[in-house]
Amino acid sequence: MIAAAIYAVVQKDLLYAVIATGIISLILSIVFYILQAPDVALTEAAIGVALTTIVFIITIRNTVRMEDESDKNKNIKSAAK
Amino acid sequence: MKKVLVILLLAVVGFYLADVFIGIGFGNDHFVKSDEIKPVKDIYLQQTVENLKVSNAVTSIVVNFRGFDTLGEVTVLFLSVTALGSILYRKRHHAGDRSVLFSASSIVTAGSKLLFPPILLLGAYVFIHGHLSPGGGFQGGVIIATGFLLMLLAYENYTVSHNALSIVESFAGITFAVIGLMGFMNGGTFLQNFLPVGTLNDLFSGGIIPIIYIAVGFKVAAELTGVIYTVLNEKGDQKNG
């Protein structure tokens with residue numbers, strides 16, 4: 001799950017990053033289920049895995065797919081602060 | 001200087017957060033360490049089974065004890081959907097207006113047609129049985145919205161009527177508010193239970209909880225279908241990657 005999160009931040013291709021966030025949600029819903037919270041697990045599975053991922057994919061289709069290089073440097077600087 | 005302040009602030013916040021959670025084991029529920037304070041969860045769990053006859057404690061808390069919060073959440077969702085629609089709305093869309101890279105194959109269209117009714121049925125089951133099994137209005141509504149999403153992806157000419165969506169959504173919202181106000185008429189508080197609670201583990205039990213969850217389910221399904229439809233019909237610049 002942490003590996004998927006790091007991959008989503010580092011990855012320049014936004015489509016792969018969105019898929020990685022979907023994997024985070026999937027594992028998170030399994031964790032919720034193990035922690036005996038099936039309601040939250042169901043919500044996370046439905047919203048996090050299905051709906052958010054697909055809305056992001058539609059957004060990527062309508063905008064640009066690759067992350068801008070200058071934009072990425074700015075993000076790394078703000079994250080390192 | 002600024003960075004030092006930020007790190008200091010983060011350290012203080014992190015210390016107090018860790019201080020609260022460090023005593024609780026992974027997956028345990030002991031928030032109150034001493035036995036003198038009786039936590040509110042015991043009262044909720046007791047009331048849920050004895051007075052409301054609802055087997056899913058999460059549902060009874062979300063809809064009955066904290067029903068006003070749920071009304072606020074539904075309002076937040078409604079406001080965000082309205083904001084999205086007002087930003088993305090340009091002109092009335094027509095069927096087949098959507099930009100598609102390539103049309104879906106016959107396997108996808110036939111499979112979607114086959115899967116669409118079971119997905120709707122599953123969503124309806126989840127929100128009708130919200131007071132008996134895990135799930136509820138939000139989850140069921142999202143499942144129904146994914147069913148509509150499947151149809152919208154498979155058929156490029158598939159359209160959803162915006163008028164029908166807004167009618168369903170408004171009617172469900174009004175149902176929620178009216179049921180809440182009917183608590184006042186019966187001499188209680190907002191969203192107080194006024195229907196007979198029935199027996200435990202019965203489908204028609206729990207007083208107003210199933211009715212509210214069905215309303216919430218329809219409302220969430222209509223709103224999220226509207227979101228997907230609006231976003232999907234939005235044409236971007238023609239420089240797709």
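By the 6.0 Å contact criterion, CD1 on B/Ile107 is open, its count of non-hydrogen atoms from other residues, nucleotides or ligands being 12 or less. More than 12 heavy atoms of other residues, nucleotides or ligands lie within 6.0 Å of OH in A/Tyr7, so this atom counts as buried by the packing criterion. Within 6.0 Å of CG on B/Leu17 lie more than 12 heavy atoms contributed by other residues, nucleotides or ligands.
Contact count against chain A (heavy-atom pairs under 4.5 Å) is highest for B/Pro134 among B/Gly130, B/Pro134, B/Ala145. Among the candidates B/Val126, B/Leu149, B/Thr59, B/Ile228, the residue making the largest number of heavy-atom pairs closer than 4.5 Å to chain A is B/Leu149. Most heavy-atom pairs under 4.5 Å with chain B: of the set A/Thr59, A/Val55, A/Ile54, this distinction falls to A/Ile54.
Expressed to the nearest 0.5 Å, how far CD1 of A/Ile57 lies from CG of B/Leu153 amounts to 9.5 Å.
Proximity to chain A is absent for every atom of B/Val62, based on heavy atoms less than 4.5 angstrom apart.
Looking at A/Leu42, A/Val40, A/Ile47 one by one, the single match for side chain to side chain contact (heavy atoms under 4.5 Å, CB included) with B/Gln139 turns out to be A/Leu42.
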Only distances under 3.5 Å count here; give the side-chain donor-acceptor pairs of residues 27-38 of chain A to other protein atoms, sequence neighbours excluded, each with its distance to 0.1 Å.
from, atom 1, to, atom 2, distance (Å)
A/Ser29, OG, A/Leu26, O, 2.7

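Residues B/Thr146 and A/Leu51 have side chains in contact (heavy-atom distance under 4.5 Å, counting atoms from C-beta outward).
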